[in-house]
Amino acid sequence: MPTSVRRRSLLAASSAHAVHDGLTDLIYVLLPIWQTQFAISYAMIGLLRASYSGVMAGFQLLASRLARRWGRERMLIGGTALAGAAYLIAGQAGGLTVLLLALMLGGLGASTQHPLASSLVTDAYEPGGGVKEALSTYNFAGDIGKTLIPGAVGLLLVAVSWQTSVTLIGVLGLAAALLLWWLIPAPAELPAHAQHAAKATRGKGSASGLRALLATGTLDSTVRMGFLTFLPFLLKSKGAGTAGIGIALSLLFVGGAFGKLLCGYLGARIGMMKTVWVTESATSLCIVAAVFLPLTAVMGMLPLLGLALNGTSSVLYGAVPELAAQGKREQAFALFYTGTIGAGALSPVLFGRVGDVMGVPVALLSLAAILLLTLPLSWRVQKAL
């Protein structure tokens, strides 16, 4: 495949990932504001978060199937535009009902990104090699979006209302859809072997290994989404304001961005299992430390925590093509993202209830303990690889 087409495919997928992940994680900055404005419980906070990520998870397999009928490019561009439009609606919401519907609409648009953009990268790079490295770059871009968009809105909230900030982000989503329309290579530009690269995957097709990988990713996502939901409230209890929470999330996601890039390359060299053991153990210890340390120390630790918290997923994504059955790569990606994001959607609801009953510190310590279950599961995945 021509180098220019491969680069355009990677740039398009990375741009989509940055914008969608930024839109998704912006919700964490807005949750404390919505809690104050609408006087809602932690369980309802979890429901608001789950309304976006739950719909996103639930429709990924359908998005993968529809892409075969309508085209991957159309689905990805349309989904990005829909996510932007959802934020425009959320910016006009005067009550929980409209806000909830807007978040669900945003999740529907976001459901196209992960399975379609990741398979776009894999199909472009498999014929010439470098799939794992390209996927690491793609995942790195997602965390760049998580860093820039929530951080920018956190600072913007000092000067304007949350409604204005959210409306501006909706405009950004629509602009991103136009960018993708220009960037994504047309099917005619792809050689025949690249258009059907998913049918020629060199993966071993281990069903048991894929199940273990899915379980590992599910637990990792459960802890990550649960922690991110509670982090603003933990910081608020330690004295952080709205701008401070936005900056804290940016610090966390800066570390996460480099974690995904670093761990993707590290996993290709020392193996998936060793990398997962290091990152998950470090994440568990850092979550425990965050509960007990003062605000200044927590802020200083957040980049390291972000590196470990988000780095694991890059290694897990890279194993999907190797474990997918022949001709089933896009479905394997969709299944993996459905499981992991679905778990991430349920986690805030479940642990939000724990937070209501037992407090935020107990909920966070429970997440740290659950994360250690990924260690034996990653050993099973390594056997399949």
Side-chain angles (χ1 to χ4, degrees), residues 25 28 139 143 146-147 213 215-240 244-245 247-267 269-317 340 343-344 347-348 350-352 354-355 358-382:
D25 284 15
Y28 295 119
N139 285 316
D143 278 73
K146 292 178 182 180
T147 301
L213 181 69
T216 306
T218 296
L219 289 174
D220 178 69
S221 181
T222 296
V223 172
R224 183 168 62 256
M225 298 305 179
F227 176 75
L228 287 171
T229 300
F230 283 115
L231 178 60
F233 301 100
L234 178 68
L235 295 172
K236 186 177 179 181
S237 71
K238 294 177 183 288
I245 291 172
I247 293 170
L249 287 170
S250 292
L251 291 172
L252 184 78
F253 293 138
V254 164
F258 286 98
K260 284 192 174 181
L261 190 63
L262 172 65
C263 291
Y265 283 86
L266 189 64
R269 283 155 182 78
I270 70 170
M272 186 278 302
M273 185 186 73
K274 291 180 181 178
T275 305
V276 169
W277 281 30
V278 170
T279 56
E280 300 292 49
S281 299
T283 299
S284 184
L285 290 173
C286 286
I287 290 175
V288 173
V291 172
F292 297 105
L293 290 176
L295 178 61
T296 303
V298 173
M299 295 288 279
M301 184 185 68
L302 285 176
L304 175 61
L305 175 54
L307 188 150
L309 183 71
N310 285 359
T312 307
S313 60
S314 192
V315 186
L316 301 180
Y317 298 152
T340 55
S347 176
L350 174 62
F351 287 94
V354 175
M358 305 182 70
V360 170
V362 173
L364 288 171
L365 293 175
S366 301
L367 290 169
I370 288 172
L371 190 59
L372 298 178
L373 295 174
T374 61
L375 304 186
L377 284 168
S378 64
W379 173 79
R380 179 65 189 85
V381 176
Q382 187 64 44

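Between Leu375 and Trp277, the shortest heavy-atom distance links the atoms O-NE1, 2.9 Å. Between Thr275 and Gly271, the shortest heavy-atom contact is OG1-O, 2.9 Å. Nearest approach of Tyr28 to Pro232, heavy atoms of both residues: O-CG, 3.5 Å.
At least one side-chain heavy atom of Met272 sits under 4.5 Å from a side-chain heavy atom of Leu316. Residues Asn310 and Arg224 have side chains in contact (heavy-atom distance under 4.5 Å, counting atoms from C-beta outward). In this structure the side chain of Leu305 reaches within 4.5 angstrom of the side chain of Leu252, judged on heavy atoms. Proximity of Leu364 to Leu234: side-chain heavy atoms (C-beta onward) are separated by under 4.5 Å at one or more points. When side chains are defined from C-beta on, Val276 does not count as touching Leu377, because their heavy atoms never get closer than 4.5 Å.
Residue Lys238 qualifies as enclosed at atom NZ: its count of foreign heavy atoms under 6.0 Å is above 12.
Annotation: side chain to side chain contact (heavy atoms under 4.5 Å, CB included) contacts of Phe233 (sequence neighbours excluded): Leu31, Pro32, Gln35, Tyr42, Ile45. Residues that satisfy the side chain to side chain contact (heavy atoms under 4.5 Å, CB included) test with Ser250, not counting sequence neighbours, are Thr147.
In this structure, Ser347 contributes its side chain and Ala343 its backbone to no donor-acceptor pair below 3.5 Å. Proximity of a side-chain donor or acceptor of Gln382 to a complementary backbone N or O of Met273 within less than 3.5 Å is detected.
Taking CE from Met225 and OG1 from Thr340, the interatomic distance works out to 7.5 Å, rounded to the nearest 0.5 Å. Distance check: Leu231 CG to Leu235 CG gives 4.0 Å after rounding to the nearest 0.5 Å. Taking OG of Ser281 as the start and CG of Leu371 as the end, the distance is 8.0 Å to the nearest 0.5 Å. Between the OG1 atom in Thr222 and the CG atom in Leu367 there is a gap of 8.5 Å [rounded to 0.5 Å].
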Distance-only criterion, 3.5 Å: show the donor-acceptor pairs between side-chain atoms of residues 283-304 and protein atoms not counting sequence neighbours.
unit_1	atom_1	unit_2	atom_2	d
Thr283	OG1	Thr279	O	2.8
Thr283	OG1	Ala308	O	3.2
Thr283	OG1	Leu309	N	3.3
Ser284	OG	Ala368	O	2.7

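Here the rule is side-chain contact (heavy atoms from CB on, under 4.5 Å) with Phe351, and of Thr229, Val223, Val360, Ile370 only Ile370 fits it.
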